[in-house]
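Worksheet: one structure, shown below.
As a basis for the values below, the full set of heavy atoms in this structure was taken, side chains included, without hydrogen atoms, waters or symmetry mates.
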Amino acid sequence: AEAGAQKWIDNPMNKLRAENKTAHKPKEYIVNLDLPQEERWVEIGKEYADKSFLLVEYLRRNLP
């Protein structure tokens with residue numbers, strides 16, 4: 001790490017966002033490992049295809 005670089009948790013906004021998160025139970029899936037590799041995640045991928053930008057946005061906001 002660079003000398004003098006601020007740690008992620010030392011940023012007051014990052015710390016506040018982390019402390020204000022609430023737990024939730026994620027949806028459960030069954031991945032059929034008997035299917036060919038390229039087919040195993042197709043159904044789950046379809047469900048989240050239109051939300052992929054949210055993951056990218058989240059990572060940009062929260063990763064140093």
Side-chain angles (χ1 to χ4, degrees):
E2 291 183 31
Q6 185 179 36
K7 294 180 183 175
W8 178 90
I9 198 65
D10 291 335
N11 179 312
M13 288 305 296
N14 289 343
K15 189 172 184 177
L16 182 64
R17 278 197 300 258
E19 291 171 346
N20 287 326
K21 293 189 185 271
T22 57
H24 71 280
K25 184 174 186 224
K27 186 173 178 180
E28 292 185 19
Y29 296 92
I30 295 175
V31 177
N32 184 345
L33 299 179
D34 291 329
L35 290 174
Q37 293 178 18
E38 60 276 2
E39 294 178 24
R40 293 177 186 169
W41 296 89
V42 170
E43 292 305 313
I44 298 170
K46 286 179 188 175
E47 186 171 337
Y48 291 98
D50 63 336
K51 297 174 180 75
S52 61
F53 73 95
L54 294 171
L55 175 61
V56 173
E57 190 177 286
Y58 173 83
L59 294 173
R60 284 186 178 145
R61 276 195 327 263
N62 291 289
L63 291 180

Which residues end up grouped with Phe53 if you chain together Ile, Leu, Val, Met, Phe, Trp and Tyr wherever their side-chain heavy atoms are less than 4.5 Å apart?
Leu54

Return the set of residues passing side-chain hydrogen bond (donor to acceptor under 3.5 Å, both in side chains) with Arg60 (not counting sequence neighbours), or none when no residue passes.
none

Applying salt bridge (charged side-chain N to carboxylate O under 4.0 Å, His left out) to Glu39 and not counting sequence neighbours gives none

List the residues meeting side-chain hydrogen bond (donor to acceptor under 3.5 Å, both in side chains) with Glu57, not counting sequence neighbours, and say none if there are none.
Arg61

Could I get the full list of side-chain contact (heavy atoms from CB on, under 4.5 Å) partners for Asp10, not counting sequence neighbours?
Gln6, Lys7

Using residues 25-37 as the side-chain source, report each donor-acceptor pair under 3.5 Å to any protein atom, sequence neighbours left out, with the distance given to one decimal.
| residue | atom | partner | partner atom | Å |
| --- | --- | --- | --- | --- |
| Lys25 | NZ | Glu28 | OE2 | 3.3 |
| Lys27 | NZ | Glu47 | OE1 | 3.3 |
| Lys27 | NZ | Glu47 | OE2 | 2.9 |
| Tyr29 | OH | Glu47 | OE1 | 3.4 |
| Tyr29 | OH | Glu47 | OE2 | 3.1 |
| Tyr29 | OH | Tyr48 | OH | 2.7 |
| Asn32 | OD1 | Asp34 | N | 2.8 |

Using the test side-chain hydrogen bond (donor to acceptor under 3.5 Å, both in side chains), find all partners of Asn14 that sit at least two apart in sequence or belong to another chain.
Arg17

Other hydrophobic cluster members with Val42, side-chain heavy atoms of Ile/Leu/Val/Met/Phe/Trp/Tyr under 4.5 Å, chained?
none

According to salt bridge (charged side-chain N to carboxylate O under 4.0 Å, His left out), who are the partners of Lys21, at least two apart in sequence or on a separate chain?
none

